[in-house]
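A quick note: this is a predicted structure, and the numbers were derived from the prediction, not measured.
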4 protein chains.
Amino acid sequence: MSADPQTPLRADARRNRDQIIAAARVIFAEHGPEVPMEEIARSAGVGVGTLYRRFPDRDALVRAVAVDNFARVLEDARAAAEAEPTAWAALVRLLYGSMDLQLSIQLAMVSMKAYEILREDPVISDLRQSLLIEVESLVRAAQEDGHLRKDVGAGDVAMLFAVLLRRLPPRNPEIAEISTARCVAIMIDGLRAQPGTPLPGRPLGRDDIH
Amino acid sequence: MSADPQTPLRADARRNRDQIIAAARVIFAEHGPEVPMEEIARSAGVGVGTLYRRFPDRDALVRAVAVDNFARVLEDARAAAEAEPTAWAALVRLLYGSMDLQLSIQLAMVSMKAYEILREDPVISDLRQSLLIEVESLVRAAQEDGHLRKDVGAGDVAMLFAVLLRRLPPRNPEIAEISTARCVAIMIDGLRAQPGTPLPGRPLGRDDIH
Amino acid sequence: MSADPQTPLRADARRNRDQIIAAARVIFAEHGPEVPMEEIARSAGVGVGTLYRRFPDRDALVRAVAVDNFARVLEDARAAAEAEPTAWAALVRLLYGSMDLQLSIQLAMVSMKAYEILREDPVISDLRQSLLIEVESLVRAAQEDGHLRKDVGAGDVAMLFAVLLRRLPPRNPEIAEISTARCVAIMIDGLRAQPGTPLPGRPLGRDDIH
Amino acid sequence: MSADPQTPLRADARRNRDQIIAAARVIFAEHGPEVPMEEIARSAGVGVGTLYRRFPDRDALVRAVAVDNFARVLEDARAAAEAEPTAWAALVRLLYGSMDLQLSIQLAMVSMKAYEILREDPVISDLRQSLLIEVESLVRAAQEDGHLRKDVGAGDVAMLFAVLLRRLPPRNPEIAEISTARCVAIMIDGLRAQPGTPLPGRPLGRDDIH
DNA sequence: GATGAATGAGGCTTCATTCAT
DNA sequence: AATGAATGAAGCCTCATTCAT
């Protein structure tokens, strides 16, 4: 991300880099992406200088955390598609399963600032695109199965992901967990192919959501 | 003497206060609740000094904006309960109809900081409580009607509100609008009394969500 | 410079602004234009915030000091032209007399950074241009008088100014003063219309020196 | 043991040291003596660590570059004294000829910081002293010749050197060169033994200028 | 009361120097 | 011995809040 990809990092530098991203992920999730850089550094067990050597500024760090997370979600999506018997099951698993994983990326999208930072990044764009392609094929397959209602597109599903997985500010963690799970479940029922209200507008496709 | 909260403000002071809240609402919605105080003042057409005379610090302003908004939502809820033929219809209308109204209050809840500020406030608590009571009675009635699935509580519905109405960072506004409407519609279908997955956990009641 | 020229500053603000420029002039002269902003603020008797309210960043301050000084030199040049019986005398007086005055502007030109800052500034350009026009007419007149050697242009004279008036890093102040005066005197003798070496190159005009 | 200054450096260490000084000379000349150490190291093709092994801190490096340059000037002075037919010619050659040579040392003296660093250094003092002695004898001889005006001392001449050879911030290089040459020529005419203004103060001797 | 100036703490970032590999 | 990573002090600047006009 920040270093020349040609030159692989020295072992200790690599370790530090990873610690920093890990720490940032947790802290971003807990306190949003605007916590003082010093706090991130401290929590990663390094000096600010080290942090800045690895990531020239806050934006670079935010991007790196986001890339890291997007990549995980993509992996998850692929694993789900492969492991589950039906596309519908894969979607359901994704909606449930990514919750933990996405804690921080979603958080990273809560902030206007973070959003601005990420919107331009080409690496993020690529990951995003790959993820949407994956979701799109699941959506199509699940619709052919007859599990998923026909009037939704990959864009709709992605937006639901985004809406649902973005965390509320942290409250009682037990309740938070139950609540999220229940929201997801209700949403899944809403997605089922069965009689319901016709949806307004038109199905949103992969390209409708930027 | 005139600082006594009972004493109604002089007309011009009142006008200032309202201008400030109105301006803050817009700015909070657009740029989040952490914009410089000076910007808010400018956009309200007053000096910072005036802003601070009216609201001793940022927290007070955030609280005031939130109170203003909560009050509107409560009004909405009551109006819906009264005007709609069924409780279910009232809930649906609320889920749809509050979207505009809540733009800003939801935004105000996007930020960790804002959340911290509001969680302790007794006036907010009261409004919140009143709103939840209103929702609870709608939920019960809609369940008795047979419209609303039996396994949800007022807390679940409130969380759905919160999750859904929180805005994503601003993107293509047309798409944003369609998307939100569709998410809400899917959610409503998920709430319908009809065969679906059993929800995890237990119904969340009014008091479960703080 | 930094404030909207339309709105004249409030009396106290004006006073502060002047104090800041005065302090900066002295400090720039003593320690170069890269002293910590805090030091300048302290020495002007204000907080950093005030300094930054008046001058959005260091560059703005450097520019303001330079403008202030250029203006003085220009005044000096005009006063000399008017008061002295001959153009030659005016030039000589300028070379001597500006020494004190120019302490800081010259210093401001010692630093690469400062030079970069000033080179683009349109206000500085204007002042510069006015000054050069003034010098040019003195040069012409002094050459017609027969006092000044014919093979020099306004650009040459300006460069001599610049070279001579730039201060060396501060050493024994008494010696510094004597030394500068003597250098100037030698230079003046070099400029006299009398037999000497032909100068290399060609006379440098007003526009040759940027 | 090998840190003993007497012990000559190993060949590769020596090479490193020379590369560093050469690089520093160029960079100091181009960007002043305050460029980041890392930049100097990079441009010398070594790591910072190596730079610091050779020069314990920035001051040491500045001193080393200055010593290197002073030594060259001294050589120049001696060569000129020996090669030129008259002392006057030697002085003139020095004034002209050192321009190239001194580019960097002069630059190194532009900065207050550098000046502070050098003023105390005994090695520099020695070189300085040797140089002034050389100049002094040229001055005396040139005055006896009748070429050089009688009312100047070695200190005056040295100050003229210093004043003239210090470079202005880089501008159009062609003009810069012409301009410097012309300033020197004018100065030389000013130094000629011929009727002129009596100089203010008293001749500055070798010891007057620190 | 209103205004906008002043203050200074706090976050960001750079870079001289030290240290592990 | 060379390298480049890590450290942290120090400068820059912003902005919440207070205060003089």
Completion exercise
note: A:Arg53, atom CZ; F:dT3, atom P; distance rounded to Å ~ 15 Å
Problem - Residue whose nearest DNA chain E nucleotide is more 5′ - C:Gly45 or A:Met37 - result: C:Gly45
Exercise for the section: Ignoring backbone atoms, test whether B:Thr50 places a side-chain nitrogen or oxygen under 4.0 Å from the OP1 or OP2 oxygen of E:dT3. Expected result: yes
Practice task
Look only at the side chain of A:Arg58 and the backbone of A:Val35, and say whether a donor-acceptor pair between them is shorter than 3.5 Å.
Solution key: yes
Exercise for the section: May I ask which nucleotide in the shown strands pairs with F:dT21, Watson-Crick or G-U wobble, both distances under 3.5 Å? Expected result: E:dA2
Completion exercise
B:Tyr52 atom OH is separated from F:dT18 atom C1', nearest whole Å, by 9 Å
Handout entry: Sugar-phosphate only, base, or nothing, as touched by D:Val48 at under 4.0 Å among non-hydrogen atoms
Key = base
Fill in the blank from the handout: B:Glu38 atom CD is separated from F:dC15 atom P, nearest whole Å, by 10 Å
Exercise for the section: For B:Leu61 and F:dC15, give me the distance from atom CG to atom C1', rounded to whole Å. Expected result: 15 Å
Problem - Main-chain N/O of B:Val46 paired to B:Thr50 side chain as donor or acceptor, under 3.5 Å - result: no
Practice task
Could you tell me which nucleotide pairs with F:dG11 by Watson-Crick or G-U wobble geometry, both distances under 3.5 Å, or answer none if nothing does?
Solution key: E:dC12
Exercise for the section: Taking B:Asp18 for its side chain and B:Ile21 for its backbone only, find out whether a donor-acceptor pair lies under 3.5 Å. Expected result: no
Problem - Residues, nucleotides or ligands: over 12 heavy atoms within 6.0 Å of C:Glu38 CD - result: no
Problem - Rounded distance (Å) that lies between atom P of F:dC15 and atom CG of C:Leu51 - result: 17 Å
Problem - Gap between atoms CZ and P, on B:Phe55 and E:dG1 respectively (whole Å) - result: 14 Å
Problem - DNA chain E: 5'-proximal contact among A:Arg15 and C:Gly49 (nearest heavy atom) - result: C:Gly49
Fill in the blank from the handout: When B:Arg58 and A:Val46 are each assigned the nearest nucleotide of DNA chain F, the 5'-most assignment goes to A:Val46
Exercise for the section: Find the distance D:Glu39:CD to E:dA16:P and express it as a whole number of Å. Expected result: 10 Å
Handout entry: Nucleotide E:dG11, atom C1' - distance to CG of A:Asp59 in whole Å
Key = 15 Å
Handout entry: Main-chain N/O of C:Ala64 paired to C:Asp68 side chain as donor or acceptor, under 3.5 Å
Key = no
